[in-house]
Number of protein chains: 2
Amino acid sequence: MVVDQLRTRPSDADTDRLFHALADATRRDIVARVTAGEYSVSGLAALYTMSFAAVQKHVAVLERASLVTKEKRGREQIVRGNHEGLQKARRLLDQLEMIWRQRAGRIADILAEDDERDLP
Amino acid sequence: MVVDQLRTRPSDADTDRLFHALADATRRDIVARVTAGEYSVSGLAALYTMSFAAVQKHVAVLERASLVTKEKRGREQIVRGNHEGLQKARRLLDQLEMIWRQRAGRIADILAEDDERDLP
DNA sequence: ATATCGTACAACCAAATGGTTGTAGATCAG
DNA sequence: CTGATCTACAACCATTTGGTTGTACGATAT
């Protein structure tokens with residue numbers, strides 16, 4: 001049985017979508033660009049060798065992952081970076097870091113039987 | 001300049017592997033568990049409903065992404081968390097955060113441009 | 001020596017991914 | 001209005017992914 005998972009807070013599907021969206025170089029490049037400034041979908045498409053439709057799909061993946069937002073302006077769709085998604089990804093990695101440090105702390109505690117170990 | 005940063009990496013296969021490895025709830029659970037303590041592959045497999053071979057594949061994906069290491073001990077393979085992979089993922093997200101803050105900075109204040117180069 | 005355990009790996013399958021082309025609907029310029 | 005642009009979306013295709021079962025092999029226990 002699937003056993004209680006060790007700390008997964010946002011829905012697993014959301015997190016899957018988030019990291020999946022980041023697992024592609026083109027999509028990471030898009031995130032970086034639209035985080036630095038605004039682009040229309042066709043403006044983005046012009047940057048890559050692939051078809052417009054392919055870029056459109058990448059943007060859709062990023063939007064579903066909350067890494068970018070789209071806003072209609074005239075006949076264009078303006079794509080912007082969405083801080084929310086980034087923060088979420090970072091929080092998740094921070095949780096793993098915390099687990100790591102807890103383990104490192106346990107090991108240190110075992111090696112040094114005395115607890116001289118408090119936070120400033 | 002920022003533009004240089006945006007143009008780097010035609011395709012970073014390592015980063016793809018890293019985020020892809022994190023884009024699965026079972027794999028994230030494995031990472032959390034082996035970061036907290038040691039597990040053999042079969043010890044991990046016992047935690048999930050899927051087959052041993054499926055878990056073995058997940059561990060292999062994590063190993064290729066530098067998120068875990070395996071070490072043979074007797075007839076078992078001990079899986080442990082690998083800090084290196086985590087750190088790399090965090091650094092990549094930090095870069096995006098930096099771009100975000102640079103943009104926020106540009107909006108608030110104009111042209112205090114500062115050249116920053118980063119490691120891959 | 002033999003059986004069992006833990007692992008590795010191949011072969012196979014369904015579903016998802018990442019790309020293409022093509023069609024159609026809005027919106028803007030002349 | 002006509003034509004060009006920007007977008008959305010469907011249909012299709014090749015490859016990858018995530019799972020399965022089955023086989024093989026070294027290490028361990030009886």
Side-chain angles (χ1 to χ4, degrees), chain A residues 1-3 5 8 11-31 33-34 37-65 67-80, chain B residues 9-31 33-34 37-80:
Chain A
M1 317 284 99
V2 174
V3 172
Q5 310 242 320
T8 19
S11 106
D12 284 345
D14 283 352
T15 309
D16 289 1
R17 255 176 264 135
L18 227 194
F19 284 119
H20 169 71
L22 289 169
D24 179 282
T26 300
R27 286 196 291 262
R28 287 191 301 275
D29 194 64
I30 290 175
V31 169
R33 288 179 184 275
V34 304
E38 295 182 354
Y39 283 82
S40 67
V41 178
S42 55
L44 285 171
L47 299 170
Y48 309 100
T49 55
M50 70 190 72
S51 68
F52 172 83
V55 173
Q56 206 176 15
K57 281 190 187 180
H58 281 308
V59 172
V61 168
L62 291 170
E63 192 181 17
R64 264 179 258 124
L67 281 166
V68 307
T69 59
K70 281 195 306 187
E71 187 196 343
K72 199 167 179 183
R73 192 168 70 189
R75 64 183 158 186
E76 295 183 332
Q77 286 272 23
I78 302 302
V79 184
R80 295 191 183 86
Chain B
R9 130 240 77 199
S11 79
D12 189 343
D14 283 349
T15 309
D16 288 2
R17 255 176 266 134
L18 186 51
F19 283 119
H20 169 72
L22 289 169
D24 180 281
T26 300
R27 287 197 291 263
R28 286 191 301 275
D29 194 65
I30 291 176
V31 169
R33 288 179 185 275
V34 302
E38 295 182 354
Y39 282 83
S40 66
V41 178
S42 55
L44 285 171
L47 300 170
Y48 309 100
T49 54
M50 69 190 71
S51 68
F52 172 84
V55 173
Q56 208 177 13
K57 282 190 187 182
H58 281 307
V59 171
V61 168
L62 291 170
E63 193 182 17
R64 265 179 258 124
S66 302
L67 282 165
V68 307
T69 60
K70 281 196 306 186
E71 187 195 344
K72 199 167 178 183
R73 192 168 71 189
R75 64 184 158 185
E76 295 184 334
Q77 287 273 26
I78 303 300
V79 185
R80 295 192 183 86

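Each chain gets a letter, A, B and so on, in the order its sequence line appears, and its residues count up from 1. Just so you know, these numbers use all the heavy atoms, side chains as well, and skip hydrogens, waters and symmetry mates.
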Are any of A/R27's side-chain N or O atoms less than 4.0 Å away from OP1 or OP2 of C/dG18? yes

Would you call A/R73-A/E38 a salt bridge at under 4.0 Å N-O? yes

Can you tell me the distance, in whole Å, between the CG atom of B/L47 and the P atom of C/dG6? 14 Å

Under 4.0 angstrom between A/K72 side-chain N/O and C/dA26 OP1 or OP2: no

Do A/L18 and B/F19 come close enough that some side-chain heavy atom pair is under 4.5 Å? no

With sequence neighbours excluded, tell me which residues meet salt bridge (charged side-chain N to carboxylate O under 4.0 Å, His left out) with A/E63. A/K70

Side chain to side chain contact (heavy atoms under 4.5 Å, CB included) between A/M50 and A/T26, intermediate numbers included: CA-CA 10 Å; A/M50 70 190 72; A/T26 300; 3.6 Å; yes

Please report, rounded to the nearest Å, how far the C1' atom of D/dT17 is from the CG atom of B/D16. 15 Å

Would you mind reading off the distance between A/L62 atom CG and C/dT17 atom P, rounded to a whole angstrom? 14 Å

In whole angstroms, how far is the P atom of C/dA8 from the CD1 atom of B/I78? 11 Å

Dump every N/O contact between nucleotides 8-13 of chain D and the protein below 3.5 Å, one line per pair.
unit_1 : atom_1 : unit_2 : atom_2 : d
D/dA8  : OP1    : A/K70  : NZ     : 3.2
D/dA8  : OP1    : A/Q77  : NE2    : 2.7
D/dA8  : OP2    : A/Q56  : NE2    : 3.0
D/dA8  : N7     : A/Q56  : OE1    : 3.3
D/dA8  : N7     : A/Q56  : NE2    : 3.3

If you check every side-chain atom of A/E76, which of D/dT21, D/dC6, C/dT4 has the closest atom? D/dC6

A/R75 CZ - C/dC28 C1' separation (whole Å): 4 Å

Rounded distance [0.5 Å steps], OG in B/S40 versus CD in B/E71: 13.0 Å

Can you identify which nucleotide, out of C/dG19, D/dT17, C/dC28, has its nearest atom closest to the B/H20 side chain? D/dT17

Can a side chain N or O of B/S40 be found less than 4.0 Å away from OP1 or OP2 on C/dG6? no

What is the distance from CG of B/L44 to P of C/dA8, rounded to the nearest Å? 12 Å

Taking the nucleotide of DNA chain C with the closest heavy atom to each, which residue, A/H58 or A/R73, is nearer the 5' end? A/H58

Is there any salt bridge (charged side-chain N to carboxylate O under 4.0 Å, His left out) pair reaching into residues 15-24 of chain A, and which pairs are they, with sequence neighbours excluded? A/D14-A/R17, A/D16-B/R28

Please lay out, stage by stage, how B/R80 and B/V68 fare under the test side chain to side chain contact (heavy atoms under 4.5 Å, CB included). CA-CA 5 Å; B/R80 295 192 183 86; B/V68 307; over 6 Å; no

Is the distance from OP1 or OP2 of C/dG19 to the nearest side-chain N or O of A/S51 less than 4.0 Å? no

OP1 or OP2 of C/dC5 versus the side-chain N and O atoms of B/S42: is any pair under 4.0 Å? no

